[in-house]
Number of protein chains: 2
Amino acid sequence: MDVKTVCLGLLSIQPASGYDLKKQFESLFRHFFPAGYGSIYPALADLAADGLVDCERIRQAGKPDRKLYRITPAGRSAFRNSLAGIEPRHRLRSEFLAMIYFADQLEADRLREVLDRRIEELRAAVAEIDELEKDPLATPTSGARFVAGFGAAVAQAAADYIEQNRGLLLAHRQGRRPRRSTAPEELQAGGEQGL
Amino acid sequence: MDVKTVCLGLLSIQPASGYDLKKQFESLFRHFFPAGYGSIYPALADLAADGLVDCERIRQAGKPDRKLYRITPAGRSAFRNSLAGIEPRHRLRSEFLAMIYFADQLEADRLREVLDRRIEELRAAVAEIDELEKDPLATPTSGARFVAGFGAAVAQAAADYIEQNRGLLLAHRQGRRPRRSTAPEELQAGGEQGL
DNA sequence: TGCAGCATGTAATTTGTTACATGATTAA
DNA sequence: TTAATCATGTAACAAATTACATGCTGCA
């Protein structure tokens, strides 16, 4: 499932322009399926070329024209087929966790900063999602509410874990310790044991 | 931070071949920073070309040659600089959540299947990570243990959320409708709505 | 006989990100 | 006057995935 399919799905709920879709991608979807104009506009063009959506150009006074896209019957069934047919994946790429994996090569101050920033981001996400959940325009369906609740619960768990376990990373350190040499004592190559 | 940088980081802990690194990417890293041979081998070649790692070819009886990579002093400082310099991101793209957003366009049986499968995956991840956490070879540093604990905690929270809130998605539906096919009826749906 | 493990890599393709390009209106 | 909002899109670039390509050993 790519950006194109999600656009089609959003259009199955209501007609929208690329600009409108971008706003939806910026509210709830931002937290689990981000997309920018660079993906959305080409997706819409493809969808129209495939006959899965129709496009109506709307003139506006004092504003640029809008292109309002509406899903077609063919689009609706294509979308349902793709929901029925694909095995959904959950892909994560976290530079944050990768960095923390190597925490012992980070300065203590820098480490604290990275941890604190992540906690802030997560708490901000929880707060933002909680707001969306209260607004029936932002979460109109049970699916939307489920997803919002999921995001908030997981972000909350992540923030709590970091807060409660940061001591594991900072325990054996003294605040900022000026080291005058980086003794590189490398491990010997012989062993194959790896992980 | 890309695959190249993570490879360099892993080599900062111990020398390894591309094949060895792949195994590391398959154990803990798989859960937050997946990478395949197609990224790893080119990364290693780049690193060597930049003088950040050295490569020793090792002949083996009855097995293909290995190329053992060792980080250089330049590589070590390049790695620390990149840890100090970048703002780490946490990127998620979940087709699973996107699909659930559109749950009302999914058949009830299909929806249950998707939900159940995801719970299974999450529980399997928790179990796998718990094993890694017990093994000091798999989680040798405090950073590794922190990351493992994080992954397990978040996966656990996700599984719990799905299990406790699936009722939100299934509540207004009929369970699986009794079909008058030749197949013998299994248990009649009674408990879907009571979370 | 067939598969899994060991071990290396390349090339084509897909996909998405970032920067670029335009330009009017409205509110601070 | 500055920034934000509205509104469209393209093009260059970066990155990773997938498939391809090879070949020996040991086990069931």
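Proteins get letters first, then strands, A, B, ... in listed order; numbering begins at 1 in each. Source: prediction; values computed, not measured.
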Q) Hey, does A/Arg93 reach any base, or is it just sugar-phosphate, or nothing, if we go heavy atoms under 4.0 Å? A)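 Since only primed, P, OP1 and OP2 atoms lie under 4.0 Å of A/Arg93, the category is sugar-phosphate.
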
Q. With sugar-phosphate meaning primed atoms plus P, OP1 and OP2, does A/Tyr69 contact a base, only sugar-phosphate, or nothing at under 4.0 Å between heavy atoms?
A.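 Sugar-phosphate contact only - A/Tyr69 comes under 4.0 Å of backbone atoms but never of a base.
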
Residue [X], side-chain heavy atoms: nucleotide from [options] that is nearest:
| X | options | answer |
| --- | --- | --- |
| A/Tyr41 | C/dC6, D/dT8, C/dT8 | D/dT8 |
| B/Arg66 | D/dT5, C/dG16, C/dT8 | C/dT8 |
| A/Gln60 | D/dG9, D/dC6, D/dA16 | D/dC6 |
| B/Pro64 | D/dG23, D/dA7, C/dG5 | D/dG23 |

Q: Kindly say if A/Ser39 contacts the phosphate of C/dT17, meaning a side-chain N or O under 4.0 Å from OP1 or OP2.
A: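 Checking C/dT17 against A/Ser39, a side-chain N or O does come within under 4.0 Å of OP1 or OP2.
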
Q: Please check the phosphate of C/dG9 (OP1 and OP2 only) for any side-chain N or O of B/Lys67 closer than 4.0 Å.
A: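 B/Lys67 to C/dG9 OP1/OP2: side-chain N or O found under 4.0 Å.
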
Specify the separation, in whole Å, of atom [atom1] of [X] and atom [atom2] of [N].
| X | N | atom1 | atom2 | result |
| --- | --- | --- | --- | --- |
| A/Tyr37 | C/dT17 | OH | C1' | 15 Å |
| A/Arg59 | D/dT8 | CZ | P | 13 Å |
| B/Lys23 | C/dA4 | NZ | C1' | 14 Å |

**Q.** Mutual orientation of the aromatic rings belonging to A/Phe33 and A/Phe25 [parallel < 30°, tilted 30-60°, perpendicular > 60°]
**A.**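 Plane angle between 30° and 60°, so tilted.
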
Q | Pairwise 5' ranking along DNA chain D for A/Leu44 and A/Lys63, keeping only the more 5' one | A |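 Nearest-nucleotide comparison on DNA chain D picks A/Lys63.
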
Q. Should the pair B/Glu121-B/Arg117 be classified as a salt bridge under the 4.0 Å nitrogen-to-oxygen rule?
A.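 Looking at B/Arg117 together with B/Glu121, the answer is no, because their closest N to O distance does not fall below 4.0 Å.
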
Q) Is the count of non-hydrogen atoms from other residues, nucleotides or ligands lying under 6.0 Å from B/Glu107 atom CD greater than 12? A)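 No, because the 6.0 Å sphere around CD of B/Glu107 holds 12 heavy atoms or fewer from other groups.
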
Q) Does B/Arg76 reach the main-chain N or O of B/Ile71 with its side chain, forming a donor-acceptor pair under 3.5 Å? A)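 Here the side-chain-to-backbone pair does not exist.
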
